[in-house]
Amino acid sequence: TRSTRPQRLLRAVQQKAIKGDPQSVISAIDYFCRHSEWAMNVGDEKGSILDSVVCEVCPTTALELGTYCGYSTVRIARLLPPGTKLITLEFNPAFAAVARQVIEYAGLQNKVCLVEGASGDLIPKMCQMFGIKTFDFVFIDHWKDRYLPDIKLLEECQLLRKGSILLADNVICPGTPEYLEYVRNSPHYESKYFKSHLEYTKVEDGLEKSVFLG
Ligand SMILES: O=C(NCCCCc1cc2cnccc2s1)c1cc(-c2ccc(F)cc2)cc(O)c1O
Ligand SMILES: [Mg+2]
């Protein structure tokens with residue numbers, strides 16, 4: 001049967017990147033998506049904004065909603081000091097299978113815990129599954145209509161603390177209007193928009209960074 005796009009992306013990593021070198025994995029995926037097939041990774045332009053926020057926060061606990069092929073997982077995990085853990089949730093088993101191999105190729109499997117399932121089911125289990133009290137950093141990049149219900153769930157499960165940072169992808173394209181309206185008007189968040197472009201295109205998109213004020 002025909003291969004899937006994530007499988008072709010993985011093959012590009014295996015053929016072009018250097019095992020154990022996260023930057024070469026990132027570059028191989030960006031090259032594949034620019035020159036062969038577009039894919040919904042956060043990409044290099046928004047990716048460098050993601051990098052700067054992760055470096056500023058220096059999280060000890062981090063959560064990613066939406067793994068896909070593991071591109072942003074590798075971007076985040078490569079910046080985390082030893083002893084920190086990035087938990088990443090993926091709904092689609094085929095995407096998760098590819099992401100595990102991409103993360104392993106980058107040599108970051110010891111810093112990442114990939115969990116398959118729906119965010120609405122898994123978020124309430126974070127404490128019992130991982131003993132996580134609160135997340136310092138959350139990268140939101142999953143179903144666009146789940147951004148708002150899931151941050152409310154994070155609040156309810158007391159998984160956010162004063163100063164927790166949320167960084168949301170695609171707030172313009174495909175767009176997350178209810179989420180934006182909430183974080184920009186809620187007294188519990190201080191929000192800032194980083195204007196950029198949809199990965200590998202000239203279409204406007206951006207990241208919204210929101211600090212939970214408690
Ligand atoms: O849909 C996007 N990402 C979400 C897919 C992940 C589904 C999951 C649900 C779920 C639930 N629980 C736990 C884990 C998970 S993972 C997405 C789409 C575009 C795009 C596509 C076409 C287009 F023309 C323009 C932009 C660009 C992007 O950067 C994206 O991120
Ligand atoms: Mg995205």
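Numbers for residues simply follow the sequence, beginning at 1. Note that ligands are numbered from 1 as they come in the structure, with each ligand's atoms numbered from 1 the same way.
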Exercise for the section: Kindly determine whether Glu190 and Ser210 satisfy side chain to side chain donor-acceptor pair (under 3.5 Å), including the steps that lead there. Expected result: CA-CA 5 Å; Glu190 180 60 42; Ser210 307; over 6 Å; no
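- Side chain of Asp136 to main chain of Thr61: a donor-acceptor pair is present (N/O by atom type, distance under 3.5 Å, no hydrogens or angles).
- Checking Asn170 against the Mg ion (ligand 2), an N/O/S atom falls under the 2.8 Å cut-off.
- Relative to the six-membered ring of Tyr182, Lys152 meets both conditions, a distance below 6.0 Å and an angle of at most 45° to the axis.
- Contact atoms of ligand 1 toward Trp38: 20 (C), 21 (C) (distance under 4.0 Å to a heavy atom of the residue).
- Within a 6.0 Å sphere centred on CZ of Phe91, other residues, nucleotides and ligands contribute 12 heavy atoms or fewer.
- Against a heavy-atom cut-off of under 4.0 Å, Phe91 is close to the following atoms of ligand 1: 9 (C), 10 (C), 11 (C), 14 (C), 15 (C), 16 (S).
- Each of the atoms 27 (C), 28 (C), 29 (O), 30 (C), 31 (O) of ligand 1 lies under 4.0 Å from some heavy atom of Asn170.
- Atoms of ligand 1 lying under 4.0 Å from any heavy atom of Gly66, numbered from 1 in the order shown and given with element: 16 (S).
- Taking the six-membered ring where the residue is Trp, the centroids of Tyr147 and His142 are separated by under 6.0 Å.
- Within the 4.0 Å heavy-atom cutoff, Gly117 counts among the residues contacting ligand 1.
- Considering Glu199, Glu90, Arg146, Lys144 only, the shortest heavy-atom separation from atom 1 (O) of ligand 1 involves Lys144.
- Cation-pi geometry between Arg11 and Phe32 is not met: the NZ or CZ atom fails to fall both under 6.0 Å from the ring centre and inside 45° of the normal.
- Inside a 4.0 Å radius of atom 24 (F) of ligand 1 there is not any protein heavy atom.
- Checking side-chain atoms of Gln15 against main-chain N and O of Ala12 turns up no donor-acceptor pair under 3.5 Å.
- Ligand-side atoms of ligand 1 in range of Leu198: 25 (C), 26 (C), range being under 4.0 angstrom from any heavy atom.
- For Asp141, a nitrogen or oxygen atom sits less than 3.5 Å from a nitrogen or oxygen atom of ligand 1, counting backbone and side chain alike.
- Using a distance-only test at 3.5 Å, with no hydrogens or angles considered, a donor-acceptor pair links the side chain of Asp205 to the main chain of Cys173.
- Atom numbering of ligand 1 starts at 1 in the shown order; those under 4.0 Å from a heavy atom of Leu89 are 14 (C).
- At distances below 3.5 Å, not a single donor-acceptor pair connects side-chain atoms of Arg161 with backbone N or O atoms of Thr134.
- When only non-hydrogen protein atoms are considered, atom 6 (C) of ligand 1 lies nearest to His142 CA, 4.2 Å.
- Per residue Asp169, closest N, O or S atom to the Mg ion (ligand 2): atom name OD2.
- In this structure, the protein non-hydrogen atom closest to atom 5 (C) of ligand 1 is Met40 CE, 3.7 Å.
- Listed for the Ser48 side chain is a donor-acceptor partner under 3.5 Å among the backbone atoms of Glu45.
- Residue Asp141: an N/O/S atom is found under 2.8 Å from the Mg ion (ligand 2).
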Practice task
Report the C-alpha distance between Leu9 and Asn41 in whole Å, list the side-chain angles of each, state the deciding distance to 0.1 Å, and finish with yes or no for side-chain contact (heavy atoms from CB on, under 4.5 Å).
Solution key: CA-CA 11 Å; Leu9 181 149; Asn41 317 116; 4.0 Å; yes
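- Near Asp169, the atoms of ligand 1 lying under 4.0 angstrom from a non-hydrogen atom of the residue are 29 (O).
- Geometrically, ligand 1 and Ser119 share a nitrogen or oxygen pair separated by less than 3.5 Å.
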